[in-house]
Chemist: 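Encoded as structure tokens, here's the structure I'll be asking about.
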2 protein chains.
Amino acid sequence: MQNSIVEKLPRYEQVRYDLQQKLIAQIWGSDESIPNEQELADEYQVSVGTIRKAIDLLVADGLLVKQQGKGTFVRYPDFSSSLIRFFRYRNSTGKQIIPEGVVHKVTYLENGDERINGVMHRLIQAPLIYIERTREIGQKVLVSEKIWLPKEHFFQLLNIPLSNFDNLLYPMYRRECGQLVVSAKEQLSFLTNYFDTYLPLQQTESAVKICRFAYGINGELLEYRESYGRASEFFYETFIH
Amino acid sequence: MQNSIVEKLPRYEQVRYDLQQKLIAQIWGSDESIPNEQELADEYQVSVGTIRKAIDLLVADGLLVKQQGKGTFVRYPDFSSSLIRFFRYRNSTGKQIIPEGVVHKVTYLENGDERINGVMHRLIQAPLIYIERTREIGQKVLVSEKIWLPKEHFFQLLNIPLSNFDNLLYPMYRRECGQLVVSAKEQLSFLTNYFDTYLPLQQTESAVKICRFAYGINGELLEYRESYGRASEFFYETFIH
DNA sequence: AAGTGGTCTAGACCACAAC
DNA sequence: TTGTGGTCTAGACCACTTC
């Protein structure tokens, strides 16, 4: 709270910021209730209304959920609206299947990558970690992913054996590296003549390319990811407003 | 306010609903200031805080904007995030060009259309208005659109000559039919072998199909629209969270 | 100086959940 | 019954805009 950065901000923004820091530091576990509004009001020496406003902001951010009569709970974002979840796959009974994430390669690019550091707005030679990953159903590759991470935030991943990588990466980022992804930008385009080691396409087959920029709680870019899949298998739904 | 539908709702929801109705009825013009918070509090016989909460909801909905020191203003949604605005077209200098909407046909389907009434969850034979429209740059067709509207809400359009249709349809819906579109759902998929009278594609060319369901302020379905464009010209960007 | 929205308080009472 | 968040009030003072 005594941070000079936040000194001129409204009290509810200061409270919000402090609660946010505690959420990153995992003071409270997932799906665990945080202190009630009166306790927080006493702790921060503000009125309950001010606490409510701070909490409402974090709820709007998807970091907290409120349940009347029970309490306010931690809820880390799940990216359920991510485009890459929209590749349609169903089993023989018509049910949607959730693909398995498989990490094939994790390497350290000491001198970075010019193109990638460019799109990430970093210094050309800034070191990167590079990951190749697929999403599969059975043995069939649904999506091929190339992932680049700033080495300074994710060096811990280099010591983890491939077989120990989780199905989902974002919870791993948080657990192993203390990096919490809370928002992202995704760009979708359509490619012809795409070749990928992991994703065999017919000569005439088209691909969907999704570029994702994933951001941390303070808006810093944590990850750049390119995902490729079959255009014919893609179906995307979005809500405007 | 004395509407039975809203009797059990919180005061701020009742106020919100009433203000919403006034916005639809165009009590205040676009970009005109609505009464200040104290005046509204007096009018509705609630405290200023309750008025603020109602207004904040309408701001979150994109129907109002607040400006400190000036007032609160009407701001009808503009659908700037619509997928179909993401067909990439640039002129020779690299600037993005805004396509022109051209209405080619407006017809009355007295007995509806089985497939369309199905996806719109209406009775199979419910009457529809059908519109064919393109979005063009110069003489080049960028997007071909098929639009279906419930006849009961849009019959006024049948009396308007094609040449009098505006570049944008939603402001027309509001002006001519009193129907305000505030939200939408869009579904994107890729097609091969698509044929369209207005959009000539090469034999091997792929198309993007966007199905839009547009909703009114009370959540009722006002429009179903299918838009088709060239896959190679499509670029979509979205923000998650 | 006057008017607007922005922040903040210190309470009251209600509705829901758990024991 | 107790504790939680949900609603609502009636003010105070601040910050920005306009005149």
Side-chain angles (χ1 to χ4, degrees), chain A residues 1-3 5-20 22-23 27-75, chain B residues 1-3 5-20 22-23 27-75:
Chain A
M1 291 284 291
Q2 269 68 35
N3 191 318
I5 298 172
V6 298
E7 227 138 65
K8 301 285 279 276
L9 294 173
R11 305 276 276 264
Y12 68 82
E13 282 288 0
Q14 296 178 31
V15 172
R16 167 212 166 93
Y17 180 82
D18 195 72
L19 288 174
Q20 214 176 56
K22 288 185 178 163
L23 290 173
I27 300 287
W28 307 289
S30 253
D31 299 316
E32 179 187 340
S33 151
I34 69 170
N36 72 40
E37 298 177 339
Q38 189 55 59
E39 284 171 9
L40 290 171
D42 295 343
E43 178 185 342
Y44 287 103
Q45 292 289 297
V46 296
S47 75
V48 174
T50 301
I51 293 291
R52 288 185 67 83
K53 180 128 188 177
I55 288 178
D56 285 349
L57 290 171
L58 292 167
V59 168
D61 268 5
L63 293 176
L64 293 175
V65 284
K66 298 204 271 189
Q67 280 181 260
Q68 185 174 17
K70 289 187 70 177
T72 300
F73 297 82
V74 181
R75 177 202 161 276
Chain B
M1 290 285 288
Q2 270 67 34
N3 191 319
I5 298 171
V6 299
E7 227 138 66
K8 301 285 280 272
L9 294 173
R11 307 274 276 265
Y12 68 82
E13 281 289 1
Q14 296 177 32
V15 173
R16 167 212 167 93
Y17 181 83
D18 195 71
L19 288 173
Q20 218 177 53
K22 288 185 178 165
L23 291 172
I27 298 289
W28 307 291
S30 251
D31 298 317
E32 179 187 339
S33 151
I34 69 171
N36 73 41
E37 297 176 340
Q38 190 55 59
E39 284 171 8
L40 289 171
D42 295 343
E43 178 186 341
Y44 288 102
Q45 292 288 298
V46 296
S47 75
V48 174
T50 302
I51 293 291
R52 289 183 67 83
K53 180 126 188 178
I55 287 178
D56 285 348
L57 291 170
L58 292 168
V59 168
D61 268 5
L63 293 176
L64 293 175
V65 284
K66 298 204 272 188
Q67 280 182 261
Q68 187 175 17
K70 289 187 70 178
T72 300
F73 297 83
V74 180
R75 178 201 160 277

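Proteins get letters first, then strands, A, B, ... in listed order; numbering begins at 1 in each.
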Chemist: Do Asp18(A) and Lys22(A) pass the salt bridge (charged side-chain N to carboxylate O under 4.0 Å, His left out) test, and can you show the C-alpha distance, the side-chain angles, and the key distance before you say yes or no?
Modeler: CA-CA 6 Å; Asp18(A) 195 72; Lys22(A) 288 185 178 163; 3.5 Å; yes

Chemist: Nearest whole angstrom, please: distance from the P of dG6(D) to the CD of Glu37(A).
Modeler: 6 Å

Chemist: To the nearest angstrom, how far is Tyr44(A) atom OH from dT9(C) atom P?
Modeler: 14 Å

Chemist: What's Gln67(B) touching, base or sugar-phosphate or nothing? Going by heavy atoms closer than 4.0 Å.
Modeler: sugar-phosphate

Chemist: Figure out the CD/C1' separation between Glu39(B) and dG5(C), and round it to whole Å.
Modeler: 13 Å

Chemist: Establish, with yes or no, whether the OP1 or OP2 oxygen of dT7(C) is under 4.0 angstrom from a side-chain nitrogen or oxygen of Thr50(A).
Modeler: no

Chemist: Could you tell me the separation between the CD1 atom of Ile51(A) and the C1' atom of dT9(C), rounded to a whole number of Å?
Modeler: 13 Å

Chemist: OP1, OP2 of dG5(C) versus side-chain N and O of Arg52(B): anything below 4.0 Å?
Modeler: no

Chemist: Tell me the interatomic distance from Gln38(A), atom CD, to dG3(D), atom C1', rounded to whole angstroms.
Modeler: 12 Å

Chemist: Would you say Ser47(B) places a side-chain N or O within less than 4.0 Å of OP1 or OP2 belonging to dG11(D)?
Modeler: no

Chemist: Tell me what Val48(A) touches on the nucleic acid: a base, only sugar-phosphate, or nothing, going by heavy atoms under 4.0 Å.
Modeler: nothing

Chemist: Should Leu19(B) and Tyr44(B) count as side-chain neighbours, where that means a heavy-atom distance under 4.5 Å?
Modeler: yes

Chemist: Are OP1 or OP2 of dC8(C) and a side-chain N or O of Tyr12(A) less than 4.0 angstrom apart?
Modeler: no

Chemist: Rounded to the nearest Å, what distance is computed from the CG atom of residue Leu40(B) to the P atom of nucleotide dG3(C)?
Modeler: 17 Å

Chemist: Looking at Lys70(A), does any N or O in its side chain come under 4.0 Å of the phosphate oxygens OP1/OP2 on dA18(C)?
Modeler: yes

Chemist: Output the rounded distance in Å from CD (Gln45(A)) to P (dC8(C)).
Modeler: 15 Å

Chemist: Is the shortest side-chain N/O distance from Ser33(A) to OP1 or OP2 of dT4(D) below 4.0 Å?
Modeler: no

Chemist: Distance from Glu13(A) atom CD to Arg11(A) atom CZ, nearest 0.5 Å?
Modeler: 13.5 Å

Chemist: Does a nitrogen or oxygen in the side chain of Lys53(A) sit under 4.0 Å from OP1 or OP2 of dT7(C)?
Modeler: yes

Chemist: Any non-hydrogen side-chain atom of Ile27(B) less than 4.5 Å from a side-chain atom of Ile34(B)?
Modeler: no

Chemist: Taking for each residue the nucleotide of DNA chain D bearing the nearest heavy atom, is the 5' side occupied by Gly69(A) or by Asp56(A)?
Modeler: Gly69(A)

Chemist: Without decimals, in angstroms, what is the distance between Gln68(A) CD and dG6(D) C1'?
Modeler: 5 Å

Chemist: Between dT9(C), dG5(C), dT9(D), which nucleotide gets closest to the side-chain atoms of Arg11(B)?
Modeler: dT9(D)

Chemist: Do Leu9(A) and Arg16(A) have side chains that get closer than 4.5 Å, going by heavy atoms?
Modeler: no

Chemist: Look at Lys66(A) and dT4(D) and indicate whether a side-chain polar atom (N or O) is within less than 4.0 Å of OP1 or OP2.
Modeler: no

Chemist: When you check the phosphate oxygens OP1 and OP2 of dG3(D), does a side-chain N or O of Asn36(A) lie under 4.0 Å from one of them?
Modeler: no

Chemist: Is it true that Asp42(B) and Gln38(B) share a donor-acceptor pair across their side chains at a distance under 3.5 Å?
Modeler: yes

Chemist: Can you identify which nucleotide, out of dG6(C), dT9(C), dG5(D), has its nearest atom closest to the Val46(A) side chain?
Modeler: dT9(C)

